[in-house]
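When reading the values below, keep in mind they use all heavy atoms of this one structure, side chains included, and skip hydrogens, waters and symmetry mates. Start at 1 and go down the list; that is how both ligands and their atoms are numbered. Sequence positions, counted from 1, serve as the residue numbers for this chain.
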Amino acid sequence: MESRKQFRAIKGTRDILPAESALWDWFEQTAREVLASYNFREIRLPIFEETELFARSIGSDTDVVGKEMYTFDDRDESSISLRPEATASVCRAYIEHGMHLLPGNQKLYYVGPMFRRERPQKGRYRQFYQIGAEVLGPSDAPAIDAEILEMLLVLFGHEGLMNTTLYVNSVGCQQCRPEYVERLREELRTVKDKLGPDSQRRIETNPLRVLDSKLPEEQALIEKLPRLVDHLCAACRQHFSELKDELRLREICFEESWRLVRGLDYYTRTTFEVTATGLGSQNAICGGGRYDGLVELLGGRAGVKGIGFAIGTDRAILSIQEGGHPPALPGLSVFIARMGTRAYPIAVNIAKKLRASGLVVELPPEETNLRKALGLADKLGARYGLIIGEDEAASGTFTLKRLADADQKRLSESELLEFLESERRGLGA
Ligand code: HAM
């Protein structure tokens, strides 16, 4: 017989199965609630955009654009790419919909998959998920940066992500950074022979990225390089100092990290990252920063400022699973075991009522004997077995059995509904 090929998910992609997806739902829902409490509203964006949008925003010399995008020609010959991130799309949408005309700053968030053709490893995938937030508008007050960071840490607190560290830096602006980059490049040329091939190449293409190097043999050299924080212009210096004051005001713990330059070219001034434990080398669960010239660079209004972050959901969830505090999530409450033809319509009816009251109910499609039914209920993790046999059907009652300790009681319909409702409220289910 001809053997049939079995398909597998493409390298770097994966299925999130129900055993895990409940945690994902809870994680995203919690994020939505915290974001909403800071007056962020959702924007739903396309998964693909013109390639040029990403090239211009993120930078052609970055790894993300240069090596990692999934790019293809559409039928009308235009080049499109699966989004490697969503900040560029948010700016595109901001411009396209004339959002600068709306009052105040626009506070937007998005939830969804991103695509980068990276080498897969623990915490690094080719399709991964982000929860991101962006603030766009006329103001670049450091209070905006600080509020975003406060919100992130409140969010991580709610998610049970306790072992996190926030790193902050300032990468300056168009006034001060080019001069520093030139200085850095000159300095790097003098030690070129001692650097690895990636860093050697970056001296010419993007010297700031050398600071990001993790190669052990480059670390001592990098530590001796001139630091951008010492070369900021007066306005950037003041912005960074006010940001740190704001963080202290909000009692936010942070560490300064002069090497935090990030892998995307659009950043100005504030950059930040949050790391978490239990993840190995891919330990950044969130990255972000300010991108004040980006809207203008994309053909929008001059003077629009922006700042935002993206949480890597895959990594945040991994960290929760490996040492965080995963919540007890509500599962199957009631498994209905019914026996005899008279029990069936009663079972269908009560299942509908229990579900309407917010309980998770499983009504098996076929009748089995009681032992088998309760065995399955147990394997499915049901809290209760609801038994409807000939006796119950005849007397209009129900037998409710708590599966953990086999405690059981006979109840009328109204007693049953009342009892399970109070249980549900107690469990927060
Ligand atoms: P990013 O640092 O490239 O920033 O990505 C943000 C987060 O996404 C990372 O910290 C990481 O948790 C997660 N991430 C990135 N690549 C992967 C991957 N291959 N597998 C799993 N997780 C990954 C941005 O994307 C910016 N758009 C953030 C931003 C918003 N900046 C300003 N506004």
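- Checked for salt-bridge contact, Arg116 and Glu85 miss the test: no charged N lies under 4.0 Å from a carboxylate O.
- Taking only nitrogen or oxygen atoms, main chain and side chain alike, Tyr291 does not reach within less than 3.5 Å of ligand 1.
- In this structure, Gly132 falls outside the shell of residues with a heavy atom less than 4.0 angstrom from ligand 1.
- Listed by chain and number, the residues in a side-chain contact (heavy atoms from CB on, under 4.5 Å) with Leu215 are Ser213, Glu217, Glu218 (sequence neighbours excluded).
- Comparing Gly312, Gly306, Gly123 by heavy-atom distance to atom 21 (C) of ligand 1, the nearest is Gly123.
- For Tyr94 and Glu134, the side-chain atoms include no donor-acceptor pair closer than 3.5 Å.
- Residue Tyr129 does not touch ligand 1, judged by heavy-atom distances below 4.0 Å.
- Taking 4.0 Å as the cut-off, Arg262 counts as a neighbour of ligand 1 on heavy-atom distance.
- When atom types are taken as modelled, the side chain of Thr30 and the backbone of Trp26 share a donor-acceptor pair closer than 3.5 angstrom.
- Under a 4.0 Å heavy-atom criterion, Leu264 is in contact with ligand 1.
- Residues that satisfy the side-chain contact (heavy atoms from CB on, under 4.5 Å) test with Thr277, not counting sequence neighbours, are Asn163.
- In the candidate list Tyr125, Phe272, Tyr267, Tyr125 is nearest to atom 20 (N) of ligand 1, counting heavy atoms.
- Looking at Asp314 next to ligand 1, no N or O pair under 3.5 Å apart turns up.
- The pair Glu256-Arg227 does not meet the salt-bridge criterion, since no charged nitrogen lies less than 4.0 angstrom from a carboxylate oxygen.
- Residue Asp314 forms a salt bridge (Lys or Arg N to Asp or Glu O under 4.0 Å) with just one option from Arg124, Arg126, Arg14, and that option is Arg14.
- Contact annotation: for Arg124 versus ligand 1, heavy atoms closer than 4.0 Å belong to both the backbone and the side chain.
- No part of Arg126 comes within 4.0 Å of ligand 1, judged by heavy-atom distances.
- Contact annotation for Glu134 and ligand 1: only side-chain heavy atoms (C-beta onward) come within less than 4.0 Å of the ligand.
- The shortest N or O to N or O distance between Ala284 and ligand 1 is below 3.5 Å.
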